[in-house]
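Only one structure is covered here, and it is reproduced in the block below.
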There are 2 protein chains.
Amino acid sequence: MDTTKNISNPYTVTECKTFILPVRDVIDLLGGKWRLPIIIALSFKNHRFKELERQIEGITPRMLSKVLKDLEINGLVNRDVFKTTPITVEYSLTDYGKSLDKVIETVREWGLTHRQKIINK
Amino acid sequence: MDTTKNISNPYTVTECKTFILPVRDVIDLLGGKWRLPIIIALSFKNHRFKELERQIEGITPRMLSKVLKDLEINGLVNRDVFKTTPITVEYSLTDYGKSLDKVIETVREWGLTHRQKIINK
DNA sequence: CGGGATCCATCGAGATACTG
DNA sequence: CAGTATCTCGATGGATCCCG
């Protein structure tokens, strides 16, 4: 944040919204119940649909399908179909998806200290 | 993320959940419709309740009250009551709350490039 | 195996009115 | 001014069954 402008708040409401937009995008991309588990699982290794369903306990195929589709649209996940019988589909993180790791790590570090702080109260 | 362990995924499901927990904490802290606008507004300057209500267009006193209370519980926001007549209440970010700025900035940078990438498609 | 379709429960959030 | 109390609704996600 541009602290040089904090003193008298010269930002208009519109500027403030513009500031927030890209942050909200990422929060939404990582938010929801299943996005993080799926991204983390794929950061470990590529997975097939059924593998993910087994790995991420509690998820239904409906939600798995939905989130994977969304992550694919956002360019974070690759979907590779192999024409075996029966058909197999492999999901993997794109290089771009992997670039989220550093963001997640930054967030995680703050979150770890936060946990300590809250627990100590 | 510990990339040295990514190759064969030695993480158990439990370890994976433990890994995610602090990340989820932060996402929840910044998620929802009003948390970011409130935090950003308070990062500019301290505000009274009514000032926030005016500044953050569309928010109802109910939601404002709710989120402020939650942010206070999480140690991000101070609530100072002044016994004037009528009573005035000033909200401000704690030093701890301000420490979130660097996290938000990291998230925002990634989000900005993401916007470019998505728009160009 | 890799999903889609449908129905249903829960929860975040809006609208409105009211209080100390 | 600084909130609280109800009521309501739409979105998120769960349960279950089905298909190529």
Side-chain angles (χ1 to χ4, degrees), chain A residues 13 17 20 23-42 45-74 77-93, chain B residues 17 20 23-42 45-74 76-93:
Chain A
V13 171
K17 283 180 181 169
I20 289 177
V23 187
R24 162 114 325 126
D25 288 344
V26 181
I27 300 297
D28 290 346
L29 218 52
L30 299 179
K33 188 167 177 180
W34 302 111
R35 291 204 161 81
L36 268 175
I38 292 174
I39 292 172
I40 303 290
L42 289 178
K45 65 183 273 294
N46 301 352
H47 282 283
R48 287 166 46 198
F49 190 88
K50 207 66 175 181
E51 288 175 341
L52 279 171
E53 197 180 337
R54 274 188 288 260
Q55 181 100 5
I56 302 169
E57 73 181 67
I59 198 170
T60 60
R62 179 178 115 86
M63 290 311 297
L64 182 54
S65 169
K66 205 172 167 185
V67 175
L68 283 172
K69 205 170 291 177
D70 180 76
L71 294 177
E72 196 189 346
I73 289 172
N74 279 279
V77 163
N78 283 320
R79 180 176 184 273
D80 296 310
V81 182
F82 298 96
K83 302 222 171 283
T84 53
T85 47
I87 194 174
T88 59
V89 180
E90 186 172 277
Y91 291 93
S92 56
L93 283 188
Chain B
K17 283 180 182 169
I20 289 177
V23 187
R24 160 114 327 126
D25 288 345
V26 181
I27 300 298
D28 290 346
L29 218 52
L30 300 179
K33 188 167 177 179
W34 302 112
R35 290 204 160 82
L36 270 174
I38 291 174
I39 292 172
I40 303 290
L42 289 178
K45 66 184 273 293
N46 301 352
H47 283 282
R48 287 163 48 195
F49 190 88
K50 205 66 177 181
E51 287 175 341
L52 279 172
E53 197 180 337
R54 273 188 288 260
Q55 181 100 7
I56 302 168
E57 72 182 66
I59 197 169
T60 61
R62 178 178 118 86
M63 290 311 297
L64 182 54
S65 169
K66 204 173 170 187
V67 175
L68 283 172
K69 205 170 290 176
D70 180 76
L71 294 177
E72 196 190 347
I73 289 173
N74 278 279
L76 302 185
V77 162
N78 283 321
R79 179 177 184 273
D80 296 310
V81 182
F82 298 95
K83 301 222 172 282
T84 54
T85 46
I87 194 173
T88 58
V89 180
E90 186 172 277
Y91 290 94
S92 56
L93 282 188

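Below, read A as the first sequence line, B as the second, and so on, with proteins coming before strands; counting in each chain starts at 1.
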Query raised in the report: Can you tell which of L64(B), L71(B), N46(B), L68(B) makes a side chain to side chain contact (heavy atoms under 4.5 Å, CB included) with Y91(B)?
Result: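 Going through L64(B), L71(B), N46(B), L68(B) one by one, the side chain to side chain contact (heavy atoms under 4.5 Å, CB included) with Y91(B) is satisfied by L68(B) alone.
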[atom2] on [Y] to [atom1] on [X], rounded to 0.5 Å:
{"X": "L29(B)", "Y": "N74(B)", "atom1": "CG", "atom2": "CG", "value": "5.0 Å"}
{"X": "L30(A)", "Y": "D25(A)", "atom1": "CG", "atom2": "CG", "value": "11.0 Å"}
{"X": "L42(B)", "Y": "Q55(B)", "atom1": "CG", "atom2": "CD", "value": "9.5 Å"}
{"X": "I56(A)", "Y": "K33(A)", "atom1": "CD1", "atom2": "NZ", "value": "12.0 Å"}

Please give me the minimum heavy-atom distance between [X] and [Y], naming the atom from each residue.
{"X": "E51(B)", "Y": "R48(B)", "value": "OE1-N, 2.8 Å"}
{"X": "E53(A)", "Y": "P61(A)", "value": "OE2-CD, 3.6 Å"}
{"X": "I27(A)", "Y": "L36(B)", "value": "CG1-CD1, 4.4 Å"}
{"X": "I38(B)", "Y": "V67(B)", "value": "CD1-CG1, 3.6 Å"}
{"X": "A41(A)", "Y": "L52(A)", "value": "CB-CD2, 4.0 Å"}
{"X": "D80(A)", "Y": "S92(A)", "value": "OD2-OG, 4.2 Å"}

**Report entry** Members of residues 26-38 of chain A that approach DNA chain D, where some heavy atom sits under 4.0 Å away
**Finding:**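 Output list: G32(A), K33(A), W34(A).
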So, do [X] and [Y] sit near enough that their side-chain heavy atoms are less than 4.5 Å apart?
{"X": "D70(B)", "Y": "R35(B)", "answer": "yes"}
{"X": "E57(B)", "Y": "K17(A)", "answer": "yes"}
{"X": "N78(B)", "Y": "L93(B)", "answer": "no"}

Report summary line: To the nearest 10 degrees, the angle between the two end axes of the helix from dC1(C)-dG20(D) to dG20(C)-dC1(D) (five pairs per end) comes to 40°
Report task. For F82(A), report the nucleic acid contact type (base, sugar-phosphate, nothing); a contact means any heavy atom under 4.0 Å. Result ->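 Here F82(A) touches no strand at all.
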Query raised in the report: Near DNA chain C, which residues from residues 59-71 of chain A have a heavy atom under 4.0 Å away?
Result: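 Residues of residues 59-71 of chain A under 4.0 Å from DNA chain C: P61(A), R62(A), S65(A), K69(A).
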**Report entry** Results of side-chain hydrogen bond (donor to acceptor under 3.5 Å, both in side chains) for R24(B) - residues two or more places apart only
**Finding:**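 Partners of R24(B) by the side-chain hydrogen bond (donor to acceptor under 3.5 Å, both in side chains) criterion come out as none, since no residue qualifies.
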Query raised in the report: So where does chain A start and stop touching DNA chain C, 5' to 3', when the test is distance under 4.0 Å to a non-hydrogen atom?
Result: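 The protein-touched segment is dC1(C) to dT6(C).
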Query raised in the report: More 5' along DNA chain C: I87(A) or I87(B), using each one's nearest nucleotide?
Result: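 So the residue in question is I87(A).
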Report summary line: Students should find that the nucleotides of DNA chain D closing off the region near chain B, any atom under 4.0 angstrom from a heavy atom, are dC1(D) to dT6(D)
